[in-house]
2 protein chains.
Amino acid sequence: MSKSIHPVPGSAADRVEQALQFLEGRWKLLILFRLFGGQVQRFSELERSIPAISQKMLIQQLRQMEADGIVRRIVHHQVPPKVEYSLTAWGQALCPALDALLGWAETRPAEKSGSAETVEVS
Amino acid sequence: MSKSIHPVPGSAADRVEQALQFLEGRWKLLILFRLFGGQVQRFSELERSIPAISQKMLIQQLRQMEADGIVRRIVHHQVPPKVEYSLTAWGQALCPALDALLGWAETRPAEKSGSAETVEVS
DNA sequence: CGGAATCCCTTAGGATACTG
DNA sequence: CAGTATCCTAAGGGATTCCG
């Protein structure tokens, strides 16, 4: 991350890389898919629906996505506390793009065993 | 990576997560974009066009993508050795999906400074 | 309930040197 | 030229404990 951010957009690779950064981390997609369709979830609901995740990771990924403008956080000041998470409009707009990626992944041809993809030329 | 591959596809999140794994690593996109459009590049050409990458990372990412069926490797048995890399048909098919992601990223609204996205409710 | 803080381990990845 | 091998550091991420 020694690269400074130029106003000039740089290569397409740079921009896609930046886009993928919004999705990096092992858990963001899991969280995202529980929020698609306008679903509103409490912290503890997300925690329970993704048993393998630790609170640290859950809060960390949520915070990042919130900072990125993907997730909205609503705090209800009451006891006990209640915090709800949902997607922003931009976050919802991610869905089709993920579908495109999903579609691509599904067209993956079966690999011919043994030869990988290397071609030997004499 | 402790998850076995089921014939049953699992959730959409799982499948997108798997798709993104093909692109994980700081360098794959940089490499990919130098191969899009049917370009054929030698190892040393890739190395020179991405100055910041180490040989270790270059070969590692290439090998992974080769194993994933994204990249094709052609070895010319001669001295000095010559190895060329190019995209498979499936690898080329990634381009539109990345464009979709790129398009999404570009629609990102400017964040209102200070408030992040948290909403406080009394 | 919804976090923050701390500790610790594992992994990604860089630098360098060597080989067919 | 196109890799391998080794070492080492930094970051990712889990478990646990504490707080408003």
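The figures here come from the full heavy-atom set of this structure, side chains too, leaving out hydrogens, waters and symmetry mates. Proteins get letters first, then strands, A, B, ... in listed order; numbering begins at 1 in each.
- Taking the six-membered ring for Trp and thresholds of 30 and 60 degrees, Trp90(B) and Phe22(B) have ring planes more than 60 degrees apart, a perpendicular arrangement.
- Rounded to whole Å, atom C1' of dG3(D) lies 7 Å from atom CZ of Arg63(B).
- Rounded to whole Å, the distance from CD on Gln64(A) to C1' on dG13(D) is 12 Å.
- Distance, Gln60(B) CD to dA5(D) P: 13 Å, rounded to whole Å.
- Taking atom CG on Leu62(B) and atom P on dA2(D), their separation rounds to 11 Å, with Å as the unit.
- To the nearest 0.5 Å, the span separating CZ on Arg73(A) from OG on Ser86(A) amounts to 12.0 Å.
- Closest-nucleotide positions on DNA chain D for Glu24(A) and Gln55(A) were compared, and the one nearer the 5' end corresponds to Glu24(A).
- Across the protein-nucleic acid pair, Arg73(B) atom CZ and dC1(D) atom C1' stand 12 Å apart, rounded to whole Å.
- Among dA2(D), dG3(C), dT4(D), the nucleotide with an atom closest to any side-chain atom of Ser44(B) is dA2(D).
- Protein atom CD of Glu84(B) is 12 Å distant from nucleotide atom P of dG3(D), rounded to whole Å.
- Distances were taken from every side-chain heavy atom of Ile59(A) (C-beta onward) to each of dG3(C), dC1(C), dG3(D); the shortest belongs to dG3(C).
- At a threshold of 4.0 Å, the pair Arg34(B)-Glu45(B) does not count as salt-bridged, since none of the basic side-chain nitrogens sits closer than that to a carboxylate oxygen.
- Distance, Glu47(B) CD to dA2(D) P: 8 Å, rounded to whole Å.
- Listed nucleotides dA2(D), dT4(D), dG3(C) differ in distance to Phe43(B); the shortest reach to its side chain belongs to dA2(D).
- Under 4.0 angstrom from either OP1 or OP2 of dC1(D) there lies no side-chain N or O belonging to Tyr85(B).
- Two residues are said to be in side-chain contact when any heavy atoms from C-beta on lie closer than 4.5 Å; Leu46(A) and Leu35(A) meet this criterion.
- For the pair Leu58(A) CG and dG3(C) C1', the interatomic distance rounds to 10 Å; values are reported in whole Å.
- Arg26(A) has no side-chain polar atom (N or O) that falls below the 4.0 Å cut-off from OP1 or OP2 of dA12(C).
- If Pro81(A) and Lys56(A) are placed on DNA chain C by their nearest nucleotide, the residue sitting closer to the 5' end is Pro81(A).
- Without hydrogens or angle criteria, Arg15(A) side chain to Glu106(B) main chain gives no donor-acceptor distance under 3.5 Å.
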